[in-house]
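Bear in mind that the values here come from a model prediction, so they are computed numbers and not experimental data.
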Amino acid sequence: MTIPVMARVDDRLVAAVDELVEAGTLSSRSEAVRIGLEALVDRLRRAAAGEQIVAAYRAQPPDHDLDAWAEQAGRAMIEDEPW
């Protein structure tokens with residue numbers, strides 16, 4: 001289902017979108033708005049995920065001793081492979 005959305009856009013931006021439509025880059029103004037909104041939502045979601053990752057690392061910083069143990073265990077498992 002689609003829902004119409006009203007927005008005010010300045011003349012310069014409308015002209016730029018119309019040029020893209022006329023050139024065949026976009027099929028319509030609506031497509032331009034959809035693409036723009038999808039890109040905005042994606043960018044904001046990615047930024048929020050990045051902030052959550054940073055907060056998690058700040059709350060529990062990496063344990064370099066554990067990293068060294070994990071690397072040693074990984075190497076041992078690989079050495080045990082029959083290849």
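Screening residues 44-66 for side chain to side chain donor-acceptor pair (under 3.5 Å), with sequence neighbours left out, gives D42-R46. Applying the side chain to side chain donor-acceptor pair (under 3.5 Å) test to pairs two or more places apart or on separate chains, those with a residue in residues 24-40 are D18-R29, S27-E31.
Heavy-atom contacts from other residues, nucleotides or ligands closer than 6.0 Å to CG of D10 number more than 12.
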| task | Would you sort out whether L26 and I35 count as a side-chain contact (heavy atoms from CB on, under 4.5 Å), showing the intermediate values? | result | CA-CA 10 Å; L26 298 168; I35 290 170; 3.6 Å; yes
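Using a 4.0 Å cut-off between charged nitrogen and carboxylate oxygen, R75 and E71 count as a salt-bridge pair.
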